[in-house]
There are 2 protein chains.
Amino acid sequence: MKNTPLVRKLGTFVALSDVELSVIETLHKRRRTFVAGRDLVHQGQSDQAAYILASGWACSYKILPDGERQIIDFQIPGDFLGLRSVLLHMSDHSIEPITDIEVSEVMVGDLLDAFGKTPRLAMAVLWAASRDEAMVVEHLVDIGRRTAIERMAHFLLELGSRLALVGMGNKSGYQCPLTQYLMADALGLSAVHVNRVLRQLREEGMVSFRDGLVVFENYNKLVDFAGFDEAYLDHGGPLLA
Amino acid sequence: MKNTPLVRKLGTFVALSDVELSVIETLHKRRRTFVAGRDLVHQGQSDQAAYILASGWACSYKILPDGERQIIDFQIPGDFLGLRSVLLHMSDHSIEPITDIEVSEVMVGDLLDAFGKTPRLAMAVLWAASRDEAMVVEHLVDIGRRTAIERMAHFLLELGSRLALVGMGNKSGYQCPLTQYLMADALGLSAVHVNRVLRQLREEGMVSFRDGLVVFENYNKLVDFAGFDEAYLDHGGPLLA
DNA sequence: GCCTTAGACTGACTTCGATCAGTCCACCCT
DNA sequence: AGGGTGGACTGATCGAAGTCAGTCTAAGGC
């Protein structure tokens with residue numbers, strides 16, 4: 001229990017006591033698995049549970065009336081799925097597993113109880129939500145003000161940092177199950193252009209992405225090129241002692 | 001006290017008891033005012049306070065290394081300013097008052113205490129944070145997948161709904177102190193293009209924006225055109241009894 | 001072995017929105 | 001009255017990214 005991706009993540013924010021750890025444990029209810037491609041939260045649906053992702057990758061997205069899709073973010077182990085939907089009692093987005101995934105269900109009621117027992121956990125969850133928001137903000141800046149190549153560079157770096165935090169990657173690279181279509185929908189580009197942009201990054205010797213493997217050929221050059229600052233993801237040590 | 005914009009907003013989520021109302025009151029510390037144009041939170045700065053906006057408009061934005069600016073969102077009365085910065089112990093963005101503003105300061109410690117006293121308030125704040133995130137997500141979709149005109153239409157509608165919630169606007173229009181430059185930076189467009197797009201919307205008889213006044217000429221047509229669904233902003237009544 | 005499908009990849013052409021380079025007007029100053 | 005400034009507004013030109021229409025390969029079905 002002490003080393004699930006979630007605990008690892010929350011632990012970077014508040015130093016968690018044994019009591020708090022066991023409260024977290026009570027949150028994990030039923031363990032469930034979902035197969036790749038079948039939505040587990042549907043836009044417009046209400047009153048479903050939230051989940052904590054234990055293994056696999058998922059993505060949250062919105063479909064516009066005209067059928068266009070915008071991927072909001074990808075979720076990796078340790079991330080909440082559908083927390084916002086539960087709080088707003090209505091899902092403004094859908095969530096789809098990209099690979100087969102394992103999750104544990106979290107009930108809103110249990111969350112409320114947990115907050116009552118330990119307000120520090122409330123802060124930790126609020127922190128996790130803030131961090132998610134910071135990532136969305138970063139994507140907003142990406143799409144609003146960065147060129148296609150910078151956007152892709154920034155995106156690959158952010159994923160790398162997030163994966164590193166849960167031990168699934170490092171500065172030399174990581175496994176990545178995303179297709180170019182998925183990246184296009186996340187970055188507000190066409191799949192065709194994603195392909196061109198990946199080629200450019202490869203030709204300029206910064207990153208390559210082939211056969212589900214991202215390899216940082218020149219990490220520093222890439223960070224510099226993308227204007228990447230990981231402060232919003234990790235801050236090196238608990239903030240609340 | 002019972003009718004500040006903040007209470008009105010949180011009240012749409014949880015039905016607040018008198019005890020909770022008074023706990024909220026203890027959060028409001030020093031009352032302060034800031035003049036238009038001078039940043040009150042600065043990107044990169046750490047450990048400052050959060051604020052609740054009492055009157056006036058502000059905007060949160062990020063400056064990229066290359067000097068480009070992306071406005072993340074505009075804040076209107078009842079909104080938190082810099083809550084995320086306090087939680088992450090580091091501001092990933094700046095906040096600038098657009099008009100002269102009045103705020104009340106909130107201390108993190110007080111927030112933690114308040115959560116201890118009433119977990120329902122923790123839920124309410126978490127809800128407010130989720131709603132902010134939902135708005136950022138909507139902007140992301142805007143910029144990623146909508147054309148410039150749809151984006152503008154959606155933006156003006158969203159602002160209208162938010163203002164209506166705090167009694168500062170309705171379906172026929174509202175006062176709006178934003179310049180075309182500010183809107184450009186928020187929508188990921190150039191100021192020149194903002195101007196053209198506003199002209200088109202005016203010529204097609206949907207909205208006009210002149211002399212600081214937004215007038216919905218044909219609300220339904222505009223909603224339809226923008227694909228606007230306000231579910232993420234307001235859900236008609238408290239969700240937590 | 002053949003057919004289908006998913007995904008990576010490419011060239012040719014088009015378009016949306018940026019950029020450049022202004023004008024015009026209202027509202028300060030002094 | 002003249003000068004300065006901020007914001008709204010416009011036409012001309014340009015370029016980044018989209019769209020269209022494909023090819024190629026690997027994997028899976030039967």
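In what follows, chains carry the letters A, B, and so on, assigned in the order in which the sequence lines appear, proteins first and then strands, with residues in each chain numbered from 1.
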Indicate, yes or no, whether a donor-acceptor pair under 3.5 Å links the base of D:dT19 to the side chain of A:R196.
yes
Just how far, in rounded Å, is P of C:dA8 from CG of A:D211?
10 Å
What is the minimum heavy-atom distance between B:M168 and B:W57, and which atoms define it?
CE-NE1, 4.3 Å
Nucleotide D:dA16, atom C1' - distance to CG of A:L187 in whole Å
15 Å
Counting only side-chain heavy atoms from C-beta out, which of C:dG17, C:dA8, D:dG7 sits nearest to B:T179?
D:dG7
Counting only side-chain heavy atoms from C-beta out, which of D:dG7, D:dG18, C:dT10 sits nearest to A:S190?
D:dG18
Are B:R199 and D:dT10 close enough that a side-chain N or O sits under 4.0 Å from OP1 or OP2?
yes
Write down the distance between OH (A:Y181) and C1' (C:dA6), rounded to a whole number of angstrom.
8 Å
Just checking, is any N or O donor in the side chain of B:R84 or B:H93 under 3.5 Å from an acceptor N or O on the other one?
yes
A:D142 and A:R151 ion-paired at < 4.0 Å
no
What is the distance from CG of A:N195 to C1' of C:dA12, rounded to the nearest Å?
16 Å
Among D:dG11, C:dG17, D:dG18, which is the nearest nucleotide to the side chain of A:H193?
D:dG18
Check every strand shown and say whether B:V197 touches a base, only sugar-phosphate, or nothing at a heavy-atom separation below 4.0 Å.
nothing
Measure from the side-chain heavy atoms of B:L189 and tell me the nearest of D:dT10, C:dA18, D:dA17.
C:dA18
Just how far, in rounded Å, is C1' of D:dA16 from CD of A:Q200?
11 Å
Taking only Lys NZ, Arg NE, NH1 and NH2, and the carboxylate oxygens of Asp or Glu, determine whether A:R146 and A:E138 approach each other closer than 4.0 Å.
yes
A:L198 CG - C:dG7 C1' separation (whole Å)
13 Å
Length of the CZ-C1' vector between B:R146 and C:dC16, whole Å:
18 Å
Take atom CZ of B:R38 as the centre, draw a 6.0 Å sphere, and report whether it contains more than 12 heavy atoms from other residues, nucleotides or ligands.
no
So, OP1 or OP2 of C:dC9: does either fall under 4.0 Å of a side-chain N or O from A:R210?
yes
Per atom distances to the A:R202 side chain, the nearest of C:dC9, C:dA18, D:dA17 is C:dC9
Which nucleotide wins on minimum distance to the side chain of B:A148, given the candidates C:dA8, C:dG17, D:dA8?
C:dG17
Here the distance between atom P of C:dG17 and atom CD of B:E150, to the nearest Å, is 9 Å
Please work out if A:G188 contacts a base, only the sugar-phosphate, or nothing of the nucleic acid, heavy-atom cut-off 4.0 Å.
sugar-phosphate
